[in-house]
Amino acid sequence: MSFLLDIFTMTAVSAGVFLFLAGSVGLLRFPDALSRLHALTKADNLGLGLVMLGLLPRAAGLLAALKLVFVWLLVLLASAMVSQLVARVARRGGSMS
């Protein structure tokens, strides 16, 4: 059973890291601020979710697992707020490119 958990953890964390890298490539390659923001936030949120999903079976206990979920939710909330602020500045014509 431990071998299957190892495989699950490695697969989920690797997929999350791949999505982080894909979001970074989108940040560097897309032409304008809004498309960069879209690529980065979507890939990073899903990537972080996969990393957390892969780490949950390795948590030391219920409290550690709840901490992981709480950190994930805080990052999602912060990401949404920052994305809205950056998009608002870009839409108003700020120098975001």
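- Defined by atom type and a distance below 3.5 Å, a donor-acceptor pair is present between the side-chain atoms of Asp32 and Ser35.
- If you chain together hydrophobic residues whose side chains sit under 4.5 Å apart, Val86 and Leu76 never meet in one group.
- A single hydrophobic cluster is seen to contain both Leu48 and Leu73, as judged by linkage of ILVMFWY side chains at heavy-atom distances under 4.5 Å, directly or through other members.
- Here the shortest heavy-atom pairing between Phe8 and Leu53 reads CE2-O, 3.5 Å.
- For residues 60-82, the set of pairs meeting the salt bridge (Lys or Arg N to Asp or Glu O under 4.0 Å) definition, not counting sequence neighbours, is empty.
- Annotation: side chain of Ser79 is in contact with side chain of Asn45 (closest heavy-atom distance under 4.5 Å).
- Screening residues 10-22 for side chain to side chain donor-acceptor pair (under 3.5 Å) gives no qualifying pairs among residues at least two apart or on separate chains.
- To the nearest 0.5 Å, atoms CG (Leu46) and CG (Leu19) are separated by 5.0 Å.
- Hydrophobic cluster membership for Leu34: none, as no Ile, Leu, Val, Met, Phe, Trp or Tyr side chain comes under 4.5 Å of it.
- Cluster partners of Leu74 are Phe70, counting Ile, Leu, Val, Met, Phe, Trp and Tyr whose side-chain heavy atoms approach within less than 4.5 Å, directly or via other members.
- Nearest heavy atom pair, residue Met52 against residue Val71, reads CE-CG1, 4.5 Å.
- Note on Val51 and Met10: separate hydrophobic clusters, where clusters join Ile, Leu, Val, Met, Phe, Trp and Tyr whose side-chain heavy atoms are under 4.5 Å apart, directly or indirectly.
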message: Between Leu50 and Phe18, does the side-chain contact (heavy atoms from CB on, under 4.5 Å) criterion hold? Intermediate values first, please.
response: CA-CA 10 Å; Leu50 285 172; Phe18 173 75; over 6 Å; no
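- Grouped by direct or indirect side-chain proximity (heavy atoms under 4.5 Å, Ile/Leu/Val/Met/Phe/Trp/Tyr only), Phe30 sits alone.
- The hydrophobic cluster containing Met81 also includes Leu77, under a criterion of side-chain heavy atoms closer than 4.5 Å among ILVMFWY residues, counted directly or through chains of members.
- Among all heavy-atom pairs drawn from Pro57 and Gly54, the shortest one is CD-O, 3.4 Å.
- By the criterion of side-chain heavy atoms lying less than 4.5 angstrom apart, applied directly or through intervening Ile, Leu, Val, Met, Phe, Trp or Tyr residues, Leu55 is grouped together with Val75 in one hydrophobic cluster.
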message: Would Arg36 and Thr41 count as a side-chain contact (heavy atoms from CB on, under 4.5 Å) here? Give the steps.
response: CA-CA 9 Å; Arg36 288 178 189 160; Thr41 55; over 6 Å; no
